[in-house]
Amino acid sequence: MNATDTRAKMAALDVDALRAKYADERDRRLNPLEQAQYASVEGELGWVDADPYVDEPLVREPLDETVEVLVVGAGFGGLLAAAHLKKRGIEDLRVIDKASDFGGTWYWNRYPGAQCDVESYIYLPLLEEVGQFPTEKYAHRPEIFAHAQAIGKHFGLYEQAIFQTEITSMTWEEESLRWIVRTDRDDLIRARYVFTASGPLNRPKLPGIPGINNFQGKIFHTSRWDYEYTRGNHTGGMTGLADKRVAIVGTGATAIQAVPYLARDAAHLYVVQRTPSNVSRRGNQPTDPEWVGTLTPGWQQRRMDNFSRLSAGVPVEEDLVRDGWTEMFRDLYTAFGWAPEEGEEVTPDVMMDVIERTDYLAGEKMREWIASQVEDPETAEALKPWYGVLCKRPAFNDGYLPAFNRDNVSLVDTHGAGISEITTDSIVVDGVSHPVDCIIFATGFEVATSANRTAGADIRGVNGEQLTDHFADGPRTFHGFYVHGFPNLFLLGSGNNAVKGNFTDMLGEQAEHLAGVIVEAQAARGARIEATAEAEDAWRGTIREKTAEIRQVAANCTPGYFNSEGDVERSWAANTYGGFGGVPEFTELLGAWRDRKDLDGLTVSS
Ligand code: NDP
């Protein structure tokens with residue numbers, strides 16, 4: 001579309017009507033309970049969290065040991081932390097995880113159709129180093145899991161990992177300058193440095209639906225798939241469902257990948273929707289070996305940087321990834337390429353209007369796509385999302401929308417209300433019972449509930465202060481990594497820094513940076529590294545400044561985990577280094593900080 005066409009389309013939008021529609025759809029979904037609407041998978045619901053994938057439960061003696069670095073979490077974050085530490089010569093480390101292997105999210109999420117939704121050539125980290133290449137543009141879960149295992153092997157991490165083990169407490173001991181770490185297997189580990197890489201999406205959550213424990217049929221969460229019941233594997237073939245009525249609850253990124261397989265294999269599938277997702281074209285393809293042959297050293301980081309810049313609205317010469325994500329970002333950032341016509345004055349209000357219209361236009365394009373894929377107009381209408389394109393994670397899948405054209409698939413639209421009750425044999429929506437044999441919850445994960453819950457342990461710093469208390473008003477860190485009062489603790493992830501759409505790229509950047517900080521501090525003979533209170537306060541101020549616009553946008557968004565179900569001040573939107581250009585800006589900021597070599601903001605002592 002050329003600039004004149006875009007202008008004409010933008011001018012033709014009925015902005016008042018769209019604004020009212022978006023606000024109406026959002027208001028209907030706001031739940032005064034916010035996060036409290038979800039049930040923790042513990043106590044009566046503890047069975048939800050159990051690991052169905054362990055072949056042999058581990059039996060071992062408790063450990064009593066001292067290590068230089070403990071890495072909590074064996075997903076890509078933990079793997080990248082360990083890999084970069086080793087590259088910098090730090091060999092004495094332990095990796096710990098409650099799963100029975102490496103992989104993190106790719107260990108747990110084995111649902112049929114599980115596949116990376118960011119291009120695998122940039123999502124699977126360390127491809128050049130490990131010497132692997134994905135077979136598809138969007139690799140499926142077994143291949144991603146195998147890649148995580150390959151990284152583990154490549155860096156000799158299996159010998160240093162303890163699996164099926166959960167940390168229960170971590171306490172800073174000033175005399176020894178060590179973290180005293182205890183686990184549910186009675187291990188005692190004294191670690192000089194601790195990296196937490198437990199991921200933001202590691203605890204499954206269920207909606208707090210009355211009667212959930214009364215259901216007599218089969219119930220499980222997508223991240224704990226019960227293949228014993230369904231039979232089959234990630235490619236489908238779920239013969240166990242051939243005579244079953246199945247309900248999948250939720251229509252987020254997970255459900256969208258699983259639905260095409262369930263639709264094919266179940267006798268009848270009910271897709272229970274609270275809020276529709278933006279679902280666009282995927283276009284997966286096998287990897288072209290000729291193209292692989294043309295790649296030159298360093299290609300992966302260049303491709304990652306290209307995606308990261310483009311997705312932050314920074315102009316790039318060429319879009320290397322060229323997929324649904326980058327097309328969407330190009331659409332959304334039309335506003336930046338938008339040039340005033342002669343005599344037109346560009347005030348901030350004009351710019352806000354352009355940004356708003358750009359978003360509506362991108363939304364219209366997605367809704368048109370949905371209508372073109374679904375035969376029944378009423379179902380197509382119900383599947384259309386009415387909220388800002390980036391309010392929820394956009395999805396890309398070529399099987400989800402056509403699944404609704406099948407006779408054995410019904411959309412149960414709850415119009416924002418969710419399931420009201422579960423009885424012994426049915427789900428109840430808006431007073432109507434739907435008898436089912438199996439309920440699969442694709443209802444996502446706890447995001448940023450509390451620092452202790454995310455890490456899975458009671459973390460206490462100097463003078464016994466709890467990390468959760470330190471974060472009572474939201475995360476308080478320096479650069480998102482270091483916490484005043486919690487020396488030698490490094491938080492990997494997206495809590496209080498810039499969030500890249502390509503998570504593994506972000507984790508790799510952080511891991512490399514932090515490994516460098518430790519080496520730098522050790523060179524200065526400092527074994528104790530702690531953020532100053534001033535640096536932490538200043539960083540909080542920086543984040544508030546950077547998120548002024550994003551907080552406003554998030555407040556108008558339909559509820560979801562991006563805006564903490566409407567509790568915007570606690571959300572990612574309010575606490576990360578966001579805003580247009582945020583991601584590359586944060587990368588530059590870290591680089592400049594590193595180059596100064598003064599570890600400004602940290603106290604390094606021995
Ligand atoms: P989400 O949190 O994105 O989605 C949960 C779904 O459950 C939503 O549709 C939500 O509706 C619905 N829900 C919640 N409560 C109820 C209720 N009471 N009744 C009916 N529906 C309800 O979880 P996902 O597991 O889908 O995805 C989580 C994240 O994991 C993604 O955003 C993405 O970051 C990542 N992911 C990545 C993938 C990849 O890279 N391949 C694949 C899958 C996931 P509502 O929207 O109204 O809250």
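In what follows, every heavy atom counts, from backbone to side chain, and hydrogens, waters and symmetry copies are set aside. Note that the coordinates shown come from a computational prediction; the quantities given were computed from them, not determined experimentally. Both counts, for ligands and for their atoms, begin at 1 and track the order of listing.
Of the residues listed (N563, T275, T251), the one engaging K392 in a side-chain contact (heavy atoms from CB on, under 4.5 Å) is T275, and it is the only one. Just one of F215, W225, W47 meets the ring-ring contact (aromatic ring centres under 6.0 Å, His included) condition when paired with F220; it is W225.
For ligand 1, the atoms lying closer than 4.0 Å to a non-hydrogen atom of C116 are 41 (N). With ligand atoms numbered from 1 in the order given, ligand 1 contributes 25 (O) to contacts under 4.0 Å with heavy atoms of F445. Taking a cut-off of under 4.0 Å to the non-hydrogen atoms of G250, the atoms of ligand 1 that pass are 6 (C), 7 (O), 9 (O), 12 (C), 21 (N). The ligand atoms of ligand 1 that sit less than 4.0 angstrom from a heavy atom of I419 are 19 (N).
Between the CD1 atom in I440 and the OH atom in Y270 there is a gap of 14.0 Å [rounded to 0.5 Å]. W572 contributes atom CH2, which lies 4.0 Å from atom OG of S494 (distance to the nearest 0.5 angstrom). Rounded to the nearest 0.5 Å, atoms OG (S198) and NZ (K98) are 10.0 Å apart.
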Open item on the list: Could you go through F102 and F163, starting from their C-alpha distance and side-chain angles, then the distance that decides it, and tell me whether this counts as ring pair (Phe, Tyr, Trp, His ring centres under 6.0 Å)?
Closed with: CA-CA 8 Å; F102 287 107; F163 293 120; 5.1 Å; yes

TODO: Run the numbers on T135 and E143 for side chain to side chain donor-acceptor pair (under 3.5 Å), then give the verdict.
DONE: CA-CA 8 Å; T135 59; E143 199 171 316; 2.7 Å; yes

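Ligand 1 has no nitrogen or oxygen under 3.5 angstrom from a nitrogen or oxygen of Q273. For the pair P559 and ligand 1, the shortest N or O to N or O distance does not fall below 3.5 Å. In terms of polar-atom proximity, T275 is counted as a contact of ligand 1, with an N or O under 3.5 Å from an N or O of the ligand. At under 3.5 Å, a nitrogen or oxygen of K392, whether backbone or side chain, sits near a nitrogen or oxygen of ligand 1. For the pair Y111 and ligand 1, the shortest N or O to N or O distance does not fall below 3.5 Å.
From the protein, the heavy atom lying nearest to atom 30 (O) of ligand 1 is L201 CD1, 3.5 Å. When only non-hydrogen protein atoms are considered, atom 33 (C) of ligand 1 lies nearest to R393 CD, 3.3 Å. For atom 31 (C) of ligand 1, the closest heavy atom belonging to the protein is Y561 OH, 3.4 Å. Residue, atom and distance of the protein heavy atom nearest to atom 4 (O) of ligand 1 are G252 CA, 3.8 Å. Protein heavy atom closest to atom 13 (N) of ligand 1, with residue, atom name and distance, is T443 CG2, 3.8 Å. Nearest protein neighbour of atom 36 (N) of ligand 1, counting heavy atoms only, is A253 CB, 4.1 Å. Among protein heavy atoms, atom 18 (N) of ligand 1 sits closest to P207 CB, 3.2 Å. Among all protein heavy atoms, the one lying closest to atom 20 (C) of ligand 1 is V249 CG1, 3.5 Å.
Selection from A442, G501, G444 by nearest heavy atom to atom 6 (C) of ligand 1 gives A442. With atom 37 (C) of ligand 1 as the reference point, the heavy atom nearest to it among N109, D117, T254 is part of D117. Closest to atom 11 (O) of ligand 1 by heavy atom, among H221, Q257, Q115, R274, is R274.
A salt bridge links D117 to R393: one of the charged nitrogens lies within less than 4.0 Å of a carboxylate oxygen. A salt bridge links E364 with R367: the closest approach of a Lys/Arg side-chain nitrogen to an acidic carboxylate oxygen falls below 4.0 angstrom.
In summary, the aromatic rings of Y387 and Y22 are positioned with their centroids too far apart to meet the 6.0 Å limit.
Taking the six-membered ring where tryptophan is involved, the planes of F586 and Y577 are tilted, since the angle between them lies from 30° to 60°. Using the six-membered ring where Trp is involved, W325 and F307 have ring planes that are perpendicular, over 60° apart on the 30 and 60° scheme.
Using a 4.0 angstrom heavy-atom cutoff, T251 counts as in contact with ligand 1. Distances shorter than 4.0 angstrom do not occur between any heavy atom of G560 and any atom of ligand 1.
No donor-acceptor pair closer than 3.5 Å links the side chain of S277 to the backbone N or O of V279.
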